[in-house]
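Shown next, in structure tokens, is the structure this report addresses.
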Amino acid sequence: MNKKDFIREIIDEHMRTGTFDGRVHTRFPPEPNGPLHIGHAKAICIDFGIAEEYGGKCNLRFDDSNPVAEKQEYIDAIKEDIRWLGFDWEDREYYASDYFEQLYDWALVLIKKGKAYVDDQSPDEIRTHRGTLTTPGTESPFHNRSVEENLDLFKRMRTGEFPEGSRVLRAKIDMSHPNMNMRDPVMYRILYKTHHRQGDKWCIYPTYDWVHGQSDSIERITHSLCSLEFEDHRPLYDWYLNELGVYHPQQIEFARLNLSYVITSTRKLKELVEGGHVSSWDDPRLPTLAGLRRRGFTPEAIRRFIRDVGVAKTDSVIDIAKLEHYMREDLNKSCPRVMGVLRPLRVVITNYPDDTHEELDAINNPEEPEAGMRKIPFSKVIYIEQDDFREEPPKKFFRLAPGREIRLRYAYFIKCVDVKKDDKGNIRELHCTYDPATRGGNAPDNRKVKATLHWVSAHHALVAEVRLYDRLFAKPDPNDVAEGEDFTSNLDPDSLETLPQCYLEPGLAQAHIGDRYQFERLGYFCVDPESSGERLVFNQIVSLRDRWKKIESKTKQGQA
RNA sequence: UGGGGCGUCGUCUAGUGGCAGGACACAGGAUUUUGGAUCCUGGUGCGGAGGUUCGACUCCUCCCGCCCCAGCCA
């Protein structure tokens with residue numbers, strides 16, 4: 001997996017032959033029209049990562065040519081996300097809108113060369129004249145305006161003499177070109193909109209296609225890395241750059257990142273937020289970088305995941321399980337272990353003294369001996385997980401059951417001697433006896449138990465809210481919907497489960513926002529920003545692999 | 001039906017004329033004071049058909065399938 005991908009091979013070849021004078025200079029060019037998501041993370045890792053590897057540079061450039069969609073708040077969020085991922089653009093923060101004047105001058109150059117013209121057609125007329133995929137387009141009635149008239153009209157477009165949408169500037173290429181992008185593409189449209197950075201300086205705005213290639217050229221980018229759908233646009237960028245006779249970067253296209261059970265479309269993400277299907281842009285169920293960050297994902301794991309997934313041109317959908325694997329791998333090594341009971345079942349140790357407690361030794365991280373030990377309190381009344389007790393244990397269920405003995409982690413062997421129920425037959429609490437000789441978790445007579453359970457001392461427990469997350473969508477392909485439905489019909493209504501009354505070991509009182517822990521036998525959890533001294537709130541990052549769950553579902557299937 | 005791109009285990013991804021490899025997932029086992037972690041074991045998967053060749057995932061031809069393009073979005 002450390003083999004070079006096709007892009008790095010191309011760059012190697014450039015380095016070998018001295019193309020671009022041995023320079024590698026990339027750029028990450030987001031439009032500030034929404035927050036970044038995991039798909040962008042791939043582009044970021046490629047753009048910044050490659051520059052870093054070859055001792056080159058990577059610019060951050062905002063492609064802000066559409067004032068209708070773009071906002072300063074997105075610029076701020078995007079910068080935060082890139083930094084969080086671990087990349088640095090130093091002082092190279094650029095804006096395509098800063099090139100508007102240059103772009104305008106270049107448009108004048110094309111007009112003077114007879115390679116661009118002002119078109120008075122309506123959007124509808126332009127579309128009709130463009131033809132279809134299989135039939136050529138036809139020339140606009142304004143196709144053959146004189147250079148003088150075009151110059152005059154275009155300048156007046158800029159000064160605001162014409163209403164919005166009344167005219168455009170188009171490149172004069174070939175209306176019958178098999179590549180639709182070459183059928184006299186629009187370069188400027190009239191838009192009386194305030195630009196988030198340029199204010200009201202402009203009322204004509206360049207289209208992306210007219211902006212992008214030249215912006216890369218201005219910044220002396222060597223390798224313009226972008227996604228597959230721009231492959232068709234490359235001939236147009238080449239045409240512009242050649243007509244202008246300016247520096248020419250090389251564009252290389254790669255496949256974007258897709259994940260099963262995940263949607264990565266800024267438009268649809270917006271729909272989820274605005275439609276109230278999720279709480280906000282940083283809802284921990286969202287694949288936005290802000291959401292992943294709040295969920296507790298680490299940038300290291302995301303980077304490793306993206307590196308190992310590779311770069312190619314094949315359309316692909318990566319199994320979400322792979323991302324989860326990289327998360328667990330990273331967290332397993334770094335997270336301190338603690339005990340927390342999510343769905344508490346009260347247990348009274350009947351033969352344990354009433355008014356006392358003791359401090360037991362627990363290992364902070366078995367993967368990291370230097371992390372040391374801590375003390376945890378034990379007393380007569382504790383909580384265990386409801387799932388860890390079955391009145392009638394099925395086959396292969398090793399945990400607690402009437403008459404059965406198990407180990408409480410770092411504490412004692414206990415045996416269930418009685419089950420207390422309420423009027424309706426619900427289990428209220430368990431009565432158990434403990435064996436004082438098993439303190440710490442080992443029996444002197446060497447007898448074995450088949451399960452070790454986590455627990456929390458009732459008297460010492462901290463109360464916390466824990467939010468459990470499942471996949472936002474019920475189907476691997478959220479866009480797989482019946483006629484007349486849209487992707488929101490695949491939303492899983494149970495993707496968020498809030499447990500308001502969980503019990504945690506007391507040491508967690510020190511936890512700060514963003515801190516990550518492994519709750520033993522359950523999963524990895526991260527302190528949510530909404531957490532406070534009065535009310536601890538944890539997000540589940542990812543569960544631990546759960547072998548029992550698999551056995552259970554398999555035997556259930558067998559019975560069905 | 002125009003143009004551009006892509007087809008290798010279930011999912012990603014190496015392989016560039018000489019035994020098809022890795023990761024995830026899955027299945028089995030060992031071990032374990034987390035049913036975690038760790039360690040073993042398990043795969044006939046090259047879209048199809050021809051051709052070239054001693055030898056083809058790789059080269060050639062034809063076919064099939066999937067993705068993108070008809071915004072004054074990016």
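A, B, ... follow the sequence lines: proteins, then strands. Residue 1 opens every chain.
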Please pick, from B:C12, B:G3, B:C6, the nucleotide with the shortest atom-to-atom distance to any side-chain atom of A:P178.
B:G3
Please work out whether the ring planes of A:F538 and A:Y517 are parallel, tilted or perpendicular, with thresholds of 30° and 60°.
perpendicular
Listed nucleotide nearest any side-chain atom of A:E9, set B:G35, B:G15, B:C6:
B:G15
Counting distance alone, no hydrogens or angles: does the base of B:G36 have a donor or acceptor under 3.5 Å from a partner atom on the side chain of A:R328?
no
May I ask you to establish whether A:K268 and A:F487 are in a cation-pi arrangement, using a distance under 6.0 Å from NZ or CZ to the six-membered ring centre and at most 45° from the ring axis?
yes
Under 3.5 Å, is there any donor-acceptor pair linking the side chain of A:D546 to the base of B:G35?
no
Base, sugar-phosphate alone, or nothing: which one does A:S265 contact when heavy atoms must sit under 4.0 Å apart?
nothing
Whichever of A:F6 and A:Y326 has the more 5' nearest nucleotide on RNA chain B, that residue is A:F6
Of the listed nucleotides B:C12, B:G35, B:A37, the one nearest the side chain of A:I318:
B:C12
Identify which nucleotide among B:G2, B:G36, B:C12 has an atom closest to any side-chain atom of A:N332, counting heavy atoms from C-beta outward.
B:G36
B:G71 glycosidic torsion: syn (within 90° of 0) vs anti:
syn
Can you tell me, in whole Å, how much space there is between the P of B:C40 and that of B:G22?
12 Å
Does A:Y261 have A:R471 sitting over its ring (NZ/CZ under 6.0 Å from centre, angle to axis within 45°)?
yes
For a quick check, tell me whether the side chain of A:K322 and the base of B:A23 share a donor-acceptor pair closer than 3.5 Å.
yes
Closest to the A:R545 side chain: B:A37, B:G4, B:C72?
B:A37
Among B:G3, B:C72, B:U13, find the nucleotide with the atom closest to the side chain of A:V186.
B:C72
A:K313 side chain: which of B:C6, B:G71, B:C12 is closest?
B:C6
Tell me whether the rings of A:W202 and A:F100 are parallel (<30°), tilted (30 to 60°) or perpendicular (>60°).
perpendicular
For the residue pair A:Y434 and A:Y412, is the inter-centroid distance of their aromatic rings smaller than 6.0 Å?
yes
For the side chain of A:N66, counting heavy atoms from C-beta on, which of B:C6, B:C73, B:G4 is nearest?
B:C73
So A:E31, base contact, sugar-phosphate only, or nothing? Heavy-atom distance under 4.0 Å.
sugar-phosphate
Under a 3.5 Å limit for both distances, which nucleotide forms a Watson-Crick or G-U wobble pair with B:U38, could you say?
B:A30
Base-pairing mate for B:C59 - Watson-Crick or G-U, with both contacts under 3.5 Å
B:G51
Picking from B:G4, B:G10, B:C72, the nucleotide nearest the side-chain atoms of A:D319 would be B:G10
Please confirm whether any donor atom in the side chain of A:E367 sits under 3.5 Å from an acceptor in the base of B:G36, or the reverse.
yes
Smallest heavy-atom separation, A:L400 atom then A:C432 atom, equals CD2-SG, 4.2 Å
Assign A:E164 to base, sugar-phosphate, or nothing according to its heavy-atom contacts below 4.0 angstrom with the strands shown.
nothing
